[in-house]
Amino acid sequence: MGDRRAIIESCYLFSSAADISLEMLAACSSVQSPPADGPLFREGDPSGGLWIILSGLVCIWRTDPQGRELTMWLLEPGEVVGEIALLDGGERSASADTMGATRLLHFPRDRFRGILRQDPDLAEHVIMLLCERLRRNTEDLHRAAFYDLGARLAMKLSDLAMAHSDQRNDGFVFTRKFSQTELALMLGATREAVNRNMSKLTAAGIVSVVDGYIHILDNERLKRASRAS
């Protein structure tokens, strides 16, 4: 249980939790290793609890009535999954899939909510997490409404580079492959449209793709491209 408590303390969500809350969270939590590249839950499922990602990635996505997919977020180690349905008791508002081998720390819904009622500081942190997600959603809506696909692609590459690239003298080199299909799902666009806009960035010398890995060659020009409406 000591290992679980150390993991919980290292997560920003629980940085102000009282000692007794940390002990209770550790006691009710369990480490899970769901199947790689499989579903964690589906949109419309009842809430079973909340997870902290220990390793791997979790993709949060939605579909429209025609079955088209939109990747909303790629969540990394230390981030939280499943907080909305956990708090309001409603159905899952999106689907979640693991991406590769993933380890998670799970908290049952009823136990977690009981701890929140006893610890106002922890409850405030959870509220702040929800506000952060709401701001992110608002920004995504703004981009979709006011920026063309080329600008949104440049923004997305900049965002992904913050978490999935190493800085080199000649720019940033991604440490994970992102296919044009994956980028299209993140942007709500077709693969063909993403391909055309990636080709424009490549021809302009802003990015390149080497063995499937994206290289950002000119970060300042990429940022300027992301501001073009």
**Q.** Results of side chain to side chain donor-acceptor pair (under 3.5 Å) for Arg103 - residues two or more places apart only
**A.**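 Arg103 satisfies side chain to side chain donor-acceptor pair (under 3.5 Å) with no other residue.
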
Q. Of all residues at least two apart in sequence or in a different chain, which pass the side chain to side chain donor-acceptor pair (under 3.5 Å) check with Asp110?
A.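 Once residues adjacent in sequence are excluded, Asp110 has no partner under the side chain to side chain donor-acceptor pair (under 3.5 Å) criterion.
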
Q: Could you tell me the separation between the CZ atom of Arg221 and the CG atom of Leu201, rounded to the nearest 0.5 Å?
A: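 Result: 9.0 Å between the selected atoms.
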
(Q) With salt bridge (charged side-chain N to carboxylate O under 4.0 Å, His left out) as the rule and sequence neighbours excluded, what pairs involving residues 53-63 come up? (A)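 For residues 53-63, and leaving out neighbouring residues, the salt bridge (charged side-chain N to carboxylate O under 4.0 Å, His left out) pairs sorted by first residue read Glu43-Arg62.
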
Q.
Listing request: all salt bridge (charged side-chain N to carboxylate O under 4.0 Å, His left out) pairs with a residue in residues 153-165, at least two apart in sequence or in separate chains.
A.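 Qualifying pairs: Arg143-Asp159.
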
Q: Any chance you could lay out the side chain to side chain contact (heavy atoms under 4.5 Å, CB included) test for Ile60 and Val58, step after step, and finish with the verdict?
A: CA-CA 7 Å; Ile60 307 297; Val58 173; 4.0 Å; yes

Do [X] and [Y] touch side chain to side chain, with heavy atoms closer than 4.5 Å?
X      : Y      : value
Leu222 : Leu157 : yes
Leu54  : Val31  : yes
Glu182 : Lys177 : no

Q | Nearest atoms (heavy-atom pairs only) where Thr102 meets Gly56 | A |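 Closest approach of Thr102 to Gly56, heavy atoms only: OG1-CA, 4.1 Å.
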
Using the side chain to side chain contact (heavy atoms under 4.5 Å, CB included) criterion, which residues pair with [X]? Sequence neighbours excluded.
X      : answer
Asp166 : Arg168, Thr175
Ser47  : Ala85, Leu86, Arg92, Arg109
Thr202 : Val207
Arg196 : Glu192, Ala193

Under 3.5 Å donor-acceptor pairs involving side-chain atoms of residues 121-129, not counting sequence neighbours:
unit_1 : atom_1 : unit_2 : atom_2 : d
His125 : NE2    : Ser15  : OG     : 2.9

Q: Decide whether Trp61 and Leu104 are clustered together by the hydrophobic rule: side chain heavy atoms of Ile, Leu, Val, Met, Phe, Trp, Tyr closer than 4.5 Å, transitively.
A: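 Different clusters.
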
Q: Look at the rings of Phe174 and Phe178 and say which category their plane angle falls in: under 30° parallel, 30 to 60° tilted, over 60° perpendicular.
A: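 Perpendicular, since the angle between the ring planes exceeds 60°.
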
Q. Does the side chain to side chain contact (heavy atoms under 4.5 Å, CB included) test come out yes or no for Leu149 and Leu187, once each step is laid out?
A. CA-CA 8 Å; Leu149 179 58; Leu187 295 166; 4.0 Å; yes

Considering only distance and modelled atom types, tabulate donor-acceptor pairs under 3.5 Å from the side chains of residues 65-76, sequence neighbours left out.
unit_1 : atom_1 : unit_2 : atom_2 : d
Arg68  : NE     : Asp64  : OD2    : 2.5
Arg68  : NH2    : Asp64  : OD2    : 2.6
Glu76  : OE2    : His164 : NE2    : 3.3

(Q) For residues 29-38, which residue pairs pass the side-chain hydrogen bond (donor to acceptor under 3.5 Å, both in side chains) check, not counting sequence neighbours? (A)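 Sorted result for residues 29-38: Arg4-Ser29, Gln32-Trp51.
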
Q) What residues form a ring-ring contact (aromatic ring centres under 6.0 Å, His included) with Phe112, not counting sequence neighbours? A)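 Testing Phe112 for ring-ring contact (aromatic ring centres under 6.0 Å, His included), a comparison that skips the adjacent residues, returns Phe107.
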
Q) Taking the side chain from Asp45 and the backbone from Arg42, do they hold a donor-acceptor pair closer than 3.5 Å? A)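 Indeed, once roles are kept as given, a pair shorter than 3.5 Å links the two residues.
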
